[in-house]
Visitor: 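Here it is, the structure in full.
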Amino acid sequence: MRWFGFGFNAFGQIHVHVKPPKGDSSDAVKDVKVSSPTELTINSDCCLKTAKIKASWSRRASCPLDGDSYVCLAGFGAVQSNECFVKHSSGYTDASISESYMTLVFPDRVESWDLQKEVESPAWSMLINTQSDTVGPPLSLPLVPGGYIAMKPPFYRSLSPHLKAKSLSLSAEHAILLTASGAVYTWGLGSHGQLGHGGLTSEEEPRTVEALWGMPMSCVAAGGWHSVCISDGGDLYVWGWNESGQLGLPSRGLRKALQQQTGQQAGAPCQHATTPPAKEPQEGEKHEEVFISVQAFPALLDVTPSCEIRTVSCGCRHTAAVTTKGDLYTWGWGDYGQLGHQSLFSLDEPQRVEFFREQQMCVVDVVCGAWNTFAAVVKVEEKACT
């Protein structure tokens with residue numbers, strides 16, 4: 001398995017910066033905005049073939065899952081060859097990263113380390129009981145026995161055992177939880193409809209998303225102010241803020257940006273535009289598109305051509321989904337190249353990342369940072385995408 005990254009790279013989260021010649025700023029811009037998928041490289045002692053990638057705004061953590069390996073950090077603070085080992089991570093079983101803290105799970109405890117300080121002990125730790133009566137696969141962060149680990153203090157937050165949490169996705173201001181039965185619960189800030197309850201009010205406690213009741217879900221993901229989930233049948237449901245097209249629904253903000261740039265940059269190369277040219281209406285066809293800024297209820301998103309979605313991840317204002325056939329689709333804000341279409345376009349509809357198909361690669365996983373995207377791939381002949 002190989003990992004590729006694209007998007008925001010100001011701190012070298014994707015690749016090491018190349019110092020440009022004096023007076024030449026073009027390479028510096030390319031270093032910050034990586035619009036074409038670029039393979040990640042890392043210290044040979046940290047094997048990406050068995051790694052999971054975790055990402056925050058300024059950092060990327062490579063987390064090998066082969067026993068005694070260490071977590072490797074790239075980006076802000078990793079000044080030596082743009083990567084460093086987290087020396088306290090030996091023996092970990094799971095890891096997650098936020099802008100300020102790294103959380104590590106060990107067989108008997110969980111620790112949160114302050115990434116902004118040089119310290120010899122964690123900012124917080126807690127003993128855990130791994131011999132619980134939980135049935136099914138082991139919990140993954142941010143879930144831990146009895147609750148979950150938040151991005152900031154107080155780190156441990158309890159959850160009702162009646163929820164039977166299977167997975168949990170956290171943004172800075174809201175959470176979306178998937179239960180063992182496939183039900184979806186949300187809580188936190190609701191100002192952009194990101195909770196999916198039909199209004200813009202916040203919720204202090206987990207509340208079921210009633211619009212999805214009776215439709216078992218298999219995956220959930222939280223963006224900056226939007227939420228996404230996948231049904232057992234591979235359908236994609238979206239809700240929340242859509243100002244940058246992150247829901248894959250028609251966005252007035254993107255169309256306005258295109259109109260302004262068309263007027264101001266007549267004749268300029270298309271790759272400098274924020275959004276690609278809009279489709280012209282056919283003869284006899286009325287162009288009366290309904291724009292959506294906030295979608296307060298879950299909406300079924302059609303991905304064309306029709307396909308089943310296997311997994312999904314959300315950035316701050318963009319979304320990436322992998323199909324059961326191994327294709328990667330992205331949409332939303334793309335100003336840093338985080339959509340991987342070798343441009344700085346933003347999109348309000350899902351578009352396949354052609355790079356991987358052209359390279360005969362099958363995408364098997366995707367992880368979004370706030371402003372970038374990381375995709376795990378195998379060669380088509382190595383493994384069937386299904």
Visitor: Could you please spell out the steps behind the side-chain contact (heavy atoms from CB on, under 4.5 Å) verdict for M361 and F4?
Guide: CA-CA 11 Å; M361 293 176 179; F4 286 75; 3.6 Å; yes

Visitor: If you measure from CZ on F374 to SG on C368, what distance do you get to the nearest 0.5 Å?
Guide: 9.5 Å

Visitor: Is there a donor-acceptor contact under 3.5 Å from the side chain of S251 to the main chain of E243?
Guide: yes

Visitor: Applying the salt bridge (charged side-chain N to carboxylate O under 4.0 Å, His left out) criterion to D348, which one of R255, K256, R252 satisfies it?
Guide: R255

Visitor: Looking at L249, is its backbone amide N or carbonyl O close enough to the side chain of N242 to form a donor-acceptor pair, meaning the two atoms are under 3.5 Å apart?
Guide: yes

Visitor: Can you check whether W331's main-chain N or O pairs, donor with acceptor, with Q351's side chain at less than 3.5 Å?
Guide: no

Visitor: When rounded to the nearest 0.5 angstrom, what distance separates SG in C229 from CG in L177?
Guide: 12.0 Å

Visitor: Run the side-chain contact (heavy atoms from CB on, under 4.5 Å) test on I149 and S112 for me, step by step, so that the C-alpha distance in whole Å, both residues' side-chain angles and the decisive distance to 0.1 Å come before the verdict.
Guide: CA-CA 9 Å; I149 306 302; S112 288; 4.1 Å; yes

Visitor: Starting from the C-alpha separation in whole Å, work towards a yes-or-no answer on side-chain hydrogen bond (donor to acceptor under 3.5 Å, both in side chains) for S100 and S98.
Guide: CA-CA 5 Å; S100 300; S98 67; 5.5 Å; no

Visitor: A side-chain contact here means heavy atoms from C-beta on lying under 4.5 Å apart; do E99 and R59 qualify?
Guide: yes

Visitor: Considering non-hydrogen atoms only, spot the tightest contact between K166 and A180 and give its length.
Guide: CB-N, 3.9 Å

Visitor: Please examine the side chains of V312 and V366, heavy atoms only from C-beta on, and report whether any two atoms are closer than 4.5 Å.
Guide: no

Visitor: Judged by atom type as modelled, is there a donor-acceptor pair below 3.5 Å linking the side chain of S227 to the main-chain atoms of Q194?
Guide: yes

Visitor: Evaluate the ring planes of F6 and F356, with Trp represented by its six-membered ring, and classify them as parallel (under 30°), tilted (30 to 60°) or perpendicular (over 60°).
Guide: tilted

Visitor: Please confirm whether the backbone N or O of S36 pairs with a side-chain atom of T38, one donor and one acceptor, at under 3.5 Å?
Guide: yes

Visitor: Starting from L127 and following side-chain heavy-atom contacts under 4.5 Å between hydrophobic residues (I, L, V, M, F, W, Y), which residues can be reached?
Guide: none

Visitor: Would the distance check show the side chain of S202 and the main-chain N or O of G190 forming a donor-acceptor pair, the cut-off being under 3.5 Å?
Guide: yes

Visitor: Using every non-hydrogen atom in the two residues, find where N372 and A55 come nearest and quote the distance to one decimal.
Guide: OD1-CB, 4.5 Å

Visitor: Will you find, in the side chains of H197 and T186, an N or O donor that is under 3.5 Å from an N or O acceptor?
Guide: yes

Visitor: Let me confirm one number: the CZ-CG distance from R109 to L104, rounded to the nearest 0.5 Å.
Guide: 9.0 Å

Visitor: Going by heavy atoms in the side chains, are V378 and V364 under 4.5 Å from each other?
Guide: yes

Visitor: Side chain of S231, backbone of G233: donor and acceptor closer than 3.5 Å?
Guide: yes

Visitor: Quick check: closest heavy atoms across L328 and A320, and the distance to 0.1 Å?
Guide: CD1-CB, 4.1 Å

Visitor: So, applying side-chain hydrogen bond (donor to acceptor under 3.5 Å, both in side chains) with R207, which one of E205, E203, E204, E210 is it?
Guide: E203

Visitor: Same hydrophobic cluster for V32 and W371, using side-chain heavy-atom links shorter than 4.5 Å among ILVMFWY?
Guide: yes

Visitor: Going only through I, L, V, M, F, W and Y residues with side-chain contacts under 4.5 Å, is there a path from F106 to V119?
Guide: yes

Visitor: Contact between L168 and Y148 at the side-chain level, heavy atoms closer than 4.5 Å - yes or no?
Guide: yes

Visitor: Any ion pair linking R310 and E308 (charged N to carboxylate O, less than 4.0 Å)?
Guide: no

Visitor: Report yes if the side chains of L200 and S191 come closer than 4.5 Å at any heavy-atom pair, otherwise no.
Guide: no

Visitor: Hey, does the side chain of S346 reach the backbone of W333 with a donor-acceptor pair shorter than 3.5 angstrom?
Guide: no

Visitor: Using the side-chain hydrogen bond (donor to acceptor under 3.5 Å, both in side chains) rule, collect all pairs that involve residues 357-369, keeping only residues at least two apart or in two chains.
Guide: K52-D365, D327-R357

Visitor: Is S89 reaching over with its side chain to a backbone N or O of Y92, donor-acceptor style, under 3.5 angstrom?
Guide: no

Visitor: Treating T319 as the side-chain partner and C314 as the backbone partner, does any N or O pair qualify as donor plus acceptor under 3.5 Å?
Guide: no

Visitor: Are F297 and I292 connected into the same hydrophobic cluster when the rule is that any two of I, L, V, M, F, W, Y join if their side-chain heavy atoms are below 4.5 Å apart?
Guide: no

Visitor: Rounded to the nearest 0.5 Å, how far does CG of L143 lie from CG of L159?
Guide: 7.0 Å

Visitor: Hey, what else clusters with W239 if you join Ile, Leu, Val, Met, Phe, Trp, Tyr whenever side-chain heavy atoms sit under 4.5 Å?
Guide: I176, L178, V184, V209, L212, M215, M217, V220, Y237, L300

Visitor: Would you please test N9 and H15 for side-chain contact (heavy atoms from CB on, under 4.5 Å) and show each step?
Guide: CA-CA 7 Å; N9 187 52; H15 66 73; 3.6 Å; yes

Visitor: Do you know which two heavy atoms are closest between A95 and V71, and how far apart they sit?
Guide: CB-CG2, 4.2 Å

Visitor: Looking only at non-hydrogen atoms, find the nearest pair between I97 and A61 and report the distance.
Guide: CD1-CB, 4.3 Å

Visitor: Consider only side-chain heavy atoms of I, L, V, M, F, W and Y, link residues closer than 4.5 Å, and tell whether M126 and L141 are in one cluster.
Guide: yes

Visitor: For a quick test of reading the model, state the closest non-hydrogen atom pair linking L301 to P350 and the distance between them.
Guide: CD2-CG, 3.9 Å

Visitor: Is there a side-chain contact (heavy atoms from CB on, under 4.5 Å) between V367 and K54 once you walk through the steps?
Guide: CA-CA 7 Å; V367 174; K54 307 294 176 75; 5.7 Å; no

Visitor: Following the transitive rule for hydrophobic clusters with a side-chain heavy-atom cut-off under 4.5 Å over Ile, Leu, Val, Met, Phe, Trp and Tyr, establish whether L247 and V294 coincide in one cluster.
Guide: no

Visitor: Nearest 0.5 Å, what's the CH2-CZ distance between W187 and R157?
Guide: 10.5 Å

Visitor: Would you say that L163 contacts P206 through its side chain, given a criterion of any heavy-atom pair below 4.5 Å between the two side chains?
Guide: yes

Visitor: Is the distance between the ring centroids of W57 and F8 less than 6.0 Å?
Guide: yes

Visitor: Starting at NE2 of H192, measure out to CH2 of W225 and round the result to the nearest 0.5 Å.
Guide: 7.0 Å

Visitor: Tell me, do V144 and Y156 make a side-chain contact under 4.5 Å, heavy atoms counted?
Guide: yes

Visitor: Does one side chain, of H318 or S244, offer a donor that lies under 3.5 Å from an acceptor on the other?
Guide: no

Visitor: Under 3.5 Å, is there a donor-acceptor pair linking the side chains of H341 and T330?
Guide: yes

Visitor: Run the ring-centre check on W124 versus W113 and record whether the distance is less than 6.0 Å.
Guide: no

Visitor: Does the plane of the ring in Y101 sit parallel, tilted or perpendicular to the ring in F155? Use 30° and 60° as the thresholds.
Guide: perpendicular

Visitor: State, with a plain yes or no, whether a side-chain heavy atom of Q342 is found less than 4.5 Å away from one of F355.
Guide: yes

